[in-house]
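All values reported here derive from a predicted model rather than from experimental measurement. For the numbers below, each heavy atom of this structure counts, side chains included, while hydrogens, waters and symmetry mates do not.
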Amino acid sequence: MKIIGRIHTDFKEKFGIPRQSGLVEELTAKIYFEPEYRNIDAFKGLEQFNYIWLIWEFSETVTDAFKASVRPPRLPRNEHLGVFATRSPYRPNPIGLSSVKLISVEDTEEGPVLTVGGADLLDGTPIYDIKPYLPYADCHIDALAGYTETTGKHKLQVEVEESEINKINSDKREALIKVLAEDPRPSYQKSDETRVYGMSFAGYEVKFKVVGEVLKVVNITTTVE
């Protein structure tokens, strides 16, 4: 498998990354390519599509041995499912698959650069391949949602003081609020309403706590040097 490029996102750490692609399309990211693949001809026609598939590597996930059962973060602590019934990063092969919105294809001095929305990837994640999303083949209106029928609908109400949200660059504010509304916490930590969590996002450290169904931002500080 050859790495063709890397994606640059607002997430330097895994905590806080949306659990699926497309949940927060306001999250924009850029894909830069290795020298061998910096040929704009390889992307001819891609602009005709508005969604694409990314095939990538769980580069920060370490697995010592195959585990048949895993615990999805939205399920109770003692509930496990088969690894092939989940999208857990702890897999026999560390391969990820994401459908993202294609915003632009640019030919720059650094070669072709793709801007995408809704990526659920860590900054610097290696990309193996890119394919167009085909609605006539890739969209199944009768698909079953399994256990995600309930876990996928969980949202929090986000409360943040204007003085705090104004610390964030204006083009990142909506994305941050929607990321927080997805509830970054694992389900087994949700009983502790006094705990203050910290999340790295777009060069900021966001501190928050959750009481009931309300996420309250405590403070936001910059981490940009």
Side-chain angles (χ1 to χ4, degrees), residues 1-34 37-38 42-43 46-61 72-74 86-91 93-106 108 110-135 138-139 148 151-152 154-155 158 168-185 199-206 223-224:
M1 296 280 282
K2 296 181 179 179
I3 295 173
I4 65 169
R6 293 181 184 272
I7 191 168
H8 293 277
T9 75
D10 289 322
F11 295 98
K12 302 293 185 182
E13 302 172 354
K14 290 187 287 185
F15 184 75
I17 297 177
R19 293 186 173 89
Q20 303 296 336
S21 59
L23 294 178
V24 184
E25 285 195 346
E26 290 79 5
L27 286 172
T28 58
K30 292 185 179 293
I31 302 173
Y32 295 85
F33 295 89
E34 297 298 306
Y37 306 102
R38 292 175 187 171
F43 303 88
L46 191 62
E47 74 283 350
Q48 298 176 27
F49 301 90
N50 62 345
Y51 287 90
I52 57 176
W53 289 107
L54 303 180
I55 300 173
W56 48 277
E57 178 189 356
F58 285 107
S59 54
E60 298 299 311
T61 301
R74 286 286 176 90
T86 75
R87 297 190 177 186
S88 167
Y90 300 98
R91 320 188 68 78
N93 294 299
I95 297 172
L97 177 68
S98 296
S99 175
V100 298
K101 186 173 184 178
L102 179 62
I103 297 173
S104 66
V105 180
E106 300 175 88
T108 75
E110 300 176 87
V113 176
L114 306 187
T115 301
V116 299
D120 55 338
L121 285 73
L122 188 69
D123 184 57
T125 293
I127 304 297
Y128 285 135
D129 203 3
I130 292 170
K131 302 177 187 293
Y133 177 97
L134 306 178
D138 296 339
C139 179
T148 67
T151 61
H154 175 70
K155 304 283 185 184
V158 178
I168 299 281
N169 291 341
S170 59
D171 61 331
K172 301 289 185 182
R173 294 172 190 170
E174 185 177 3
L176 172 60
I177 290 173
K178 289 190 175 182
V179 166
L180 294 172
E182 290 294 326
D183 195 352
R185 305 169 300 159
M199 185 184 81
S200 176
F201 176 80
Y204 299 90
E205 182 71 13
V206 181
T223 59
V224 177

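If you take CD on Glu13 and OG on Ser200, they are separated by 4.5 Å, rounding to the nearest 0.5 Å. Here CD1 of Ile3 is found 10.5 Å from OG1 of Thr125. Values are rounded to the nearest 0.5 Å. Considering OG1 of Thr223 and NZ of Lys12, their distance stands at 9.0 Å, rounded to 0.5 Å. Here the CZ atom belonging to Phe58 is positioned 7.5 Å from the OG atom belonging to Ser88, to the nearest 0.5 angstrom. Separating the CD1 atom in Ile103 from the CG atom in Asn50 is a distance of 11.0 Å, to the nearest 0.5 Å. Once rounded to the nearest 0.5 Å, the distance linking CG of Leu121 with CD1 of Ile31 reads 8.0 Å.
Using a 4.5 Å heavy-atom cutoff, the side chains of Arg91 and Thr86 are in contact. The closest side-chain heavy-atom distance from Ile52 to Val116 is below 4.5 Å. Inter-residue side-chain proximity for Leu176 and Val206 is flagged as met; some heavy-atom pair is nearer than 4.5 Å. Counting heavy atoms from C-beta outward, Asp183 and Lys155 have side chains that stay 4.5 Å or more apart. Side-chain atoms of Thr61 and Pro94, non-hydrogen and from C-beta on, never get closer than 4.5 Å to each other. Contact of the Leu54 side chain with the Val100 side chain is registered, since non-hydrogen atoms from C-beta on lie closer than 4.5 Å. A 4.5 Å side-chain heavy-atom check between Ile55 and Ile127 finds every atom pair outside the cut-off.
With hydrogens and angles ignored, the 3.5 Å screen pairs a side-chain donor or acceptor of Asp123 with a backbone N or O of Thr9. Of the possible polar contacts, one joining the Arg6 side chain to the Gly124 backbone as a donor-acceptor pair under 3.5 Å is found. Arg19 contributes no side-chain N or O that, together with a main-chain N or O of Pro72, makes up a donor-acceptor pair within less than 3.5 Å. The backbone N or O of Glu110 lies less than 3.5 Å from a partner atom in the side chain of Thr108, making a donor-acceptor pair.
The side chain to side chain donor-acceptor pair (under 3.5 Å) contacts involving residues 93-103 comprise Trp56-Ser98, Ser98-Asp120, where partners must be two or more places apart or lie in separate chains.
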Practice prompt. Dump the intermediate steps for side-chain contact (heavy atoms from CB on, under 4.5 Å) on Lys172 and Ile168, then the final yes or no.
Written response: CA-CA 7 Å; Lys172 301 289 185 182; Ile168 299 281; 3.6 Å; yes
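Thr115 and Lys30 form a side-chain donor-acceptor contact under 3.5 Å, judged by distance and modelled atom types alone. In this structure, a donor-acceptor pair under 3.5 Å is present between the side chains of Tyr128 and Glu57.
Taking the six-membered ring where the residue is Trp, Tyr133 and Trp53 present tilted rings, their angle falling between 30° and 60°.
The two residues Lys14 and Leu122 make their nearest non-hydrogen contact at N-CD1, 3.7 Å. Minimum interatomic distance between Pro112 and Phe33 (heavy atoms only, all atoms of both residues): O-CD1, 3.2 Å. Scanning all heavy atoms of the two residues, the minimum distance from Phe15 to Met199 falls at O-CG, 3.6 Å. Thr28 and Asp10 get closest at one heavy-atom pair: O-OD2, 4.3 Å. Smallest separation of non-hydrogen atoms from Leu114 and Phe43: CD2-CD2, 4.2 Å. Leu27 and Ala175 get closest at one heavy-atom pair: CD2-CB, 3.8 Å.
Aromatic pair Phe11/Phe201: ring centres closer than 6.0 Å.
With salt bridges taken as basic N to acidic carboxylate O contacts below 4.0 Å, one links Lys178 and Glu26.
More than 12 heavy atoms of other residues, nucleotides or ligands shown are found within 6.0 angstrom of CZ on Arg38.
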